[in-house]
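In the text below, chain A, chain B and the rest are named by the order of the sequence lines, each starting its count at 1.
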2 protein chains.
Amino acid sequence: MNKKYTIKDIAKLAGVSKGTVDRVLHKRGKVSPLALEKVNEVLNVIDYEPNLIARNLKNNKIYQICILLPDPEIDPYWLPCIQGIKDAVQEFKAYNILVETFYFNPEKTKSFTNTNETIIEKSPDAVLLAPLFHKETLDAIKKYDSLNIIVNTFNNQVESTLIKNFVGQDLFRSGRVAAKLLNTILIRGHIAIIHIDETYKNAIHMQEKERGFRNYFSEKEDLDYKITTLKLKSPNVEVTLKNFISENPDLAGVFITTSKAYQIAKTISEIKDKKIRIIGYDLIDENVNNLNLGVIDFLIHQNQKRQAYLGITYLVEHFLFHKETPAVTLLPIDIINSENADFYLE
Amino acid sequence: MNKKYTIKDIAKLAGVSKGTVDRVLHKRGKVSPLALEKVNEVLNVIDYEPNLIARNLKNNKIYQICILLPDPEIDPYWLPCIQGIKDAVQEFKAYNILVETFYFNPEKTKSFTNTNETIIEKSPDAVLLAPLFHKETLDAIKKYDSLNIIVNTFNNQVESTLIKNFVGQDLFRSGRVAAKLLNTILIRGHIAIIHIDETYKNAIHMQEKERGFRNYFSEKEDLDYKITTLKLKSPNVEVTLKNFISENPDLAGVFITTSKAYQIAKTISEIKDKKIRIIGYDLIDENVNNLNLGVIDFLIHQNQKRQAYLGITYLVEHFLFHKETPAVTLLPIDIINSENADFYLE
DNA sequence: ACAAAAAATGTGCTCGAACACACTTAAATA
DNA sequence: TATTTAAGTGTGTTCGAGCACATTTTTTGT
């Protein structure tokens, strides 16, 4: 009754050979209308699911997947990806899957293009990219596609029909989440959106978050908030911030669009006479410390680990099981406070 | 170089037959010390991973898994589990896995025991239980174990060495998360922990959450909060609550330990002169509506869908791939506001 | 009508692990 | 020493899908 039907079963039921059933199933042609009819009749009645185990046994090709991301030693934001990759490798080590990780220097465009060339020389079956540099990424994607190498991306969205899958987060929405959080903890007041200028470009990231943040408040115009955008540049972060705070004594909350909230937290925690609320991104150590100290109120988790893990998983499932991969996978925007942070770490 | 070694390869390298290698790998005995030595030497050098695909091909047993949970029509809390089960079934339908779902009436102990008996008659290979009734669960587990049926649990934790795996949440910690949230949005004030008395027993659930909640505040004794526990009984919920609010004009926040926060939200939203903050559990429709209306500030997501999904997945992986399952899997305690709720729904 | 070409169909082998069973060699017993 | 018993080893088959190739049937052309 609940038996799993095999091709042999279908062949017997239809009164043909398994070769014919196989041709029908794979639309390989060379089947008479009569035989086609008979097989289809059986297929309509029973619920045939090919046995994935048997299907893949024969296919002893080793699939090579390369994953390219910024060097976590230069930007610790990418550190959790390593574990995500490890998890995926562990999960699929019993299959013919070979995953190789490549790092590039996020501060240097050249490093990105060079690493892509190294990967191309390996001629893998698929590449998973963290596409930091827009133009160079498009070039790389074109090149990969011409060599029939599948390209998927994670973390940063790049519009291209050549990309099969993107895993990341809706940055606009994450800006809205941050806005709602500040709206919940502050009745009114002056809020600063702080972009800390990185040497490399994640400007689009920061802009999208700001857009979402402002969008939330623009929908509630009756609310009594003043919102200022503050761009801080690398050597002068602390000085500029201190000046801003003393010039704006009504400052009640800040939203930091990068993972550098701890830098702001340090300055703000030194102000003893009032509490300025802080919302930032990413569970890097310094941020979590400040969360536990009560200096940072919330962090938004971008789940890089799962991004990398899912990106690889989709590729493996594509190769091994011919599964359809969704064009875009948006991970949940996790809200973190001191009490639930543990569960999202490692 | 990166070739996958097979048993045949090992046999050739060790100068024995694949039968001998097989006996060594599975410790089936009947191997001479000399042969054992030779095979082990090869195994030490190469990194052998058995091909899971081939291993399972031969094993054409159909594994039957029964999952037992409260009827979602009676308690909508369990509704997301259906989707979690569906997802798991979909994922494993190509393998020999048969999942059958059973509902019991959470208000009737007898219904629980009866359904367990129905399952036992089916003699499945494993059962995944939502163990609502403590004593009856222990009896059922004992019975299952004596019949060599694997028992795993989800949602509710039951101490028993016979259980291979539990998937759920740390309720104590989730109480702490709620406490931290109220601590973040309220500077001071009177807070009420509200237990809405269900007809059936989830008393342990509610107690653990309260314990965690109070534990958080007990650690910060310098804070200016007053915490009251309020038990509301079914027909008089609204009246008792209204009385409490008028008797306690300093009430600033409530923490509802069940999924019935919307009931409280209704009453509280009618109070126009002040804002009482509300934190509750579970993304059921009425709660999410109140989240969007701004009446409920935060919901804590218990991720029932994933609980059911993971519970089944662990069993399948145990049967199919002989994977070790962790004794306890604690899901993250997701904090939900109006802006990120979408991502956790379905 | 008959050979040749084309179309349709069936057979048989492969993948790797698992295990039953046949077989060989060594040890134990009379 | 002959014979039983045990220990050790190798061979061969199975699982289901996929595909190459052999075989059969039908169609086409002369």
Exercise for review: Decide side chain to side chain contact (heavy atoms under 4.5 Å, CB included) for A/F102 and A/I67; before the verdict, give the C-alpha distance in whole Å, the side-chain angles of both, and the deciding distance to 0.1 Å.
Suggested key: CA-CA 6 Å; A/F102 295 85; A/I67 174 164; over 6 Å; no

Practice item. Test side-chain hydrogen bond (donor to acceptor under 3.5 Å, both in side chains) on A/Y5 and A/N51 and set out the steps. Key: CA-CA 9 Å; A/Y5 288 97; A/N51 185 325; over 6 Å; no

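The residue A/N51 sits close only to the backbone: its heavy atoms come under 4.0 Å of sugar-phosphate atoms, none of a base. Contacts of A/R28 with the nucleic acid, taken as non-hydrogen atoms under 4.0 Å apart, involve only primed sugar atoms and P, OP1 or OP2.
Between B/K18 atom NZ and C/dA20 atom C1' the separation is 12 Å, expressed in whole Å. The separation between A/L320 atom CG and D/dG18 atom P is 13 Å, rounded to whole Å. Taking atom CD of A/E37 as the reference point, atom P of C/dT9 lies 13 Å away to the nearest angstrom. Remark: P of C/dC15 and CG of B/L57 are 14 Å apart, rounded to the nearest angstrom. Distance B/L52 CG to D/dG16 C1': 17 Å, rounded to the nearest Å. A/L25 places its CG atom 9 Å from the P atom of D/dA17, with the value rounded to the nearest Å.
The residues B/E49 and B/K4 are annotated as not salt-bridged, no charged nitrogen and carboxylate oxygen being separated by less than 4.0 angstrom.
Listed pair B/H26 / C/dA18 meets the phosphate criterion, a side-chain N or O lying under 4.0 Å from OP1 or OP2. A/Y48 has a side-chain polar atom (N or O) that falls below the 4.0 Å cut-off from OP1 or OP2 of D/dA17. Residue A/T6 places none of its side-chain N or O atoms closer than 4.0 Å to OP1 or OP2 of D/dG16. OP1 or OP2 of D/dG18 sits under 4.0 Å from a side-chain N or O of A/R55. Remark: A/S32 is in phosphate contact with C/dT9, judged by side-chain N or O atoms under 4.0 Å from OP1 or OP2.
Taking the centre and axis of the six-membered ring of B/Y63, the NZ or CZ atom of B/K61 falls inside the cone set by 45° and 6.0 Å.
A donor N or O paired with an acceptor N or O is found under 3.5 Å between the base of D/dG10 and the side-chain atoms of B/R23.
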